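Below is one structure, written out as structure tokens; comments come after it.
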Number of protein chains: 2
Amino acid sequence: MLTIKQSQLLNYLIKKIEDSGTSPSYEEICIHLNLKSKSGIHRIVQGLVERDYIIKLNNKARSIYPKKYPNGKIYSTLKQDQDNEEPNNINTLSIPLLGKIAAGLPIEAIETANENIEVPISFLGKGKCYALKVDGDSMIEAGILQDDIAIIDSERQPTNGDIVVALIDEEDVTLKRFRKNGESIALEPANINYKTYIYGPNRIKVQGVLTSLYRHY
Amino acid sequence: MLTIKQSQLLNYLIKKIEDSGTSPSYEEICIHLNLKSKSGIHRIVQGLVERDYIIKLNNKARSIYPKKYPNGKIYSTLKQDQDNEEPNNINTLSIPLLGKIAAGLPIEAIETANENIEVPISFLGKGKCYALKVDGDSMIEAGILQDDIAIIDSERQPTNGDIVVALIDEEDVTLKRFRKNGESIALEPANINYKTYIYGPNRIKVQGVLTSLYRHY
DNA sequence: TTCAGTTGTTAACATTTAGTAAACATAAAA
DNA sequence: TTTTATGTTTACTAAATGTTAACAACTGAA
């Protein structure tokens, strides 16, 4: 969170760059903020660097680059053409948190779950994502525990070795490691107490690929 | 459940942040709540921290972050409503990502790491947090794998069973399960190939408690 | 290359603003 | 009653800001 002055300076910086294409000199900032000394500017700039809101090159004139807006959104010079579908500009996204997968229900059936979870975009995959609360211990040896939150990319194509959410026979949903061998698909648990099952191609629908995982203690 | 005043304060905090982008000073809160003294504010803020409704940075001006709404819902500024108000993004905090712990270096020694990571506030503990890249496999049976990102609350007191970052003999830093027995402290790995070591009270300094964990595939 | 002007960096100090703490009083809740 | 939440005052510490001045690094022209 920025202080008042830091916020003012950052706003001016962004405006100046968008207007003129160059970052302002300390003098110019002084004038704009009604100060008499560059020195204070230096300190405020320092503060903004520490807080990760700007990047600057040392000992270089006019070399301050904004990294975030005062409100914390990632700064991007790329102007999304006015009609921006992609909120490319936000650090976090709210995605639906589906409950624990109840056996016997395809994902779609529980998409009603109206709980959401806040996730940094860096956690997400490229496609549409949803979150899932892990039920059971079948993937324990892969470091996936009961009640972990799994973030699933529903549009990604699985490759061998990926951990996927699979719908079996339009009935059961489970989290397993995916391995395709010719036409048949193996779903491997990561728990010595569970067996690998192999299915014909028509019996499995992959509902998404595990992208990231989050656990709260 | 919050008290009246706590609830009022939290509401004002949220409103102020959404309006102006910065959290209010204690003085400003006083005015808003019709009080004559900052001191009471301080106490109420403490209460909100204890109840885990906000996060604050100690001794920093204007650095209170809401974590939940008064009703207990996770705080999120992202409005998925149609009205595309510019969403703020203050529900994340940038915390330092320390490199892998090199054996032989206390945490402080690597705090120079100038990488930062954006984390949703709800992932954080109550105290000052930092992130750590896990090195090694000593906690593998607790589902903590190589290269996972661990988020550590550096101010929380460990209780038995917590997973902590421990500094041994001012030299080695490791992630282990903490167990105190009388005066001595046991650091238990979660890997059958490693042994539990027991130390005298003066040999161990706990550098923080594991709060949450994140893994990217 | 040298030199002068511009701009950024640092230290020192003063001032204001902001957060922390203890002590005491009061009122409401358990 | 005992506990908890609250209101207030006072005092203190720390952070943020404003200012001056000397100096270092960079730039472009002579």
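Values in this document were obtained by computation on a predicted structure and should not be read as measured data. The figures that follow rest on heavy atoms only: side chains count, while hydrogens, waters and symmetry mates do not. Sequence lines set the chain letters: A, B, ... in the order given, protein chains first and strands last, and positions in each chain run from 1.
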Review point. Quick check: are there more than 12 heavy atoms from other residues, nucleotides or ligands sitting under 6.0 Å from CG of A:Leu57?
Key: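 Yes, because the 6.0 Å sphere around CG of A:Leu57 holds more than 12 heavy atoms from other groups.
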
Point to revise | Crowding at CG, B:Asn181 (>12 non-hydrogen neighbours, <6.0 Å) | key: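 No, because the 6.0 Å sphere around CG of B:Asn181 holds 12 heavy atoms or fewer from other groups.
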
Output the rounded distance in Å from [atom1] ([X]) to [atom2] ([N]).
X: A:Ile4; N: D:dG18; atom1: CD1; atom2: P; value: 11 Å
X: B:Glu27; N: C:dT20; atom1: CD; atom2: P; value: 13 Å
X: A:Lys60; N: D:dT27; atom1: NZ; atom2: C1'; value: 9 Å
X: B:Leu13; N: C:dG19; atom1: CG; atom2: P; value: 12 Å
X: A:Ile29; N: D:dT17; atom1: CD1; atom2: C1'; value: 15 Å
X: B:His42; N: D:dT13; atom1: NE2; atom2: C1'; value: 12 Å
X: B:Lys36; N: C:dC24; atom1: NZ; atom2: P; value: 21 Å
X: B:Tyr26; N: D:dT8; atom1: OH; atom2: C1'; value: 17 Å

Practice item. Would you mind classifying the nucleic acid contact of B:Ser37 as base, sugar-phosphate or nothing, using non-hydrogen atoms under 4.0 angstrom? Key: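 Touches a base.
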
Is there a donor on the side chain of [X] or the base of [N] sitting less than 3.5 Å from an acceptor on the other?
X: B:Arg43; N: C:dT20; result: no
X: B:Ser39; N: C:dT20; result: no
X: A:Arg62; N: C:dT7; result: no

Check your understanding: When you match A:Gly40 and B:Thr3 each to their closest nucleotide on DNA chain D, which lands nearer the 5' end?
Key ->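 Going by which nucleotide is closer to the 5' end, it is B:Thr3.
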
Check your understanding: So which one's nearest nucleotide on DNA chain D is more toward 5', A:Asn59 or A:Leu33?
Key ->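 Looking at DNA chain D, the more 5' nearest nucleotide goes with A:Leu33.
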
Within the structure, does a side-chain N or O atom of [X] lie under 4.0 Å from either OP1 or OP2 of [N]?
X: A:Lys38; N: C:dT6; result: no
X: A:Lys56; N: C:dT9; result: yes
X: A:Lys5; N: D:dG18; result: yes

Review point. Is the Lys NZ or Arg CZ of A:Lys68 less than 6.0 Å from the centre of A:Tyr53's six-membered ring, within 45° of the axis?
Key: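 Yes, cation above the ring, under 6.0 Å and within 45°.
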
Check your understanding: Distance only, no hydrogens: is a donor on one side chain within 3.5 Å (strictly under) of an acceptor on the other, for A:Tyr194 and A:Asp137?
Key ->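 Side chains of A:Tyr194 and A:Asp137: pair found under 3.5 Å.
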
Check your understanding: Ring centroid separation for A:Tyr214 and B:Phe123, is it under 6.0 angstrom?
Key ->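 Centroid distance A:Tyr214-B:Phe123: below 6.0 Å, so yes.
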
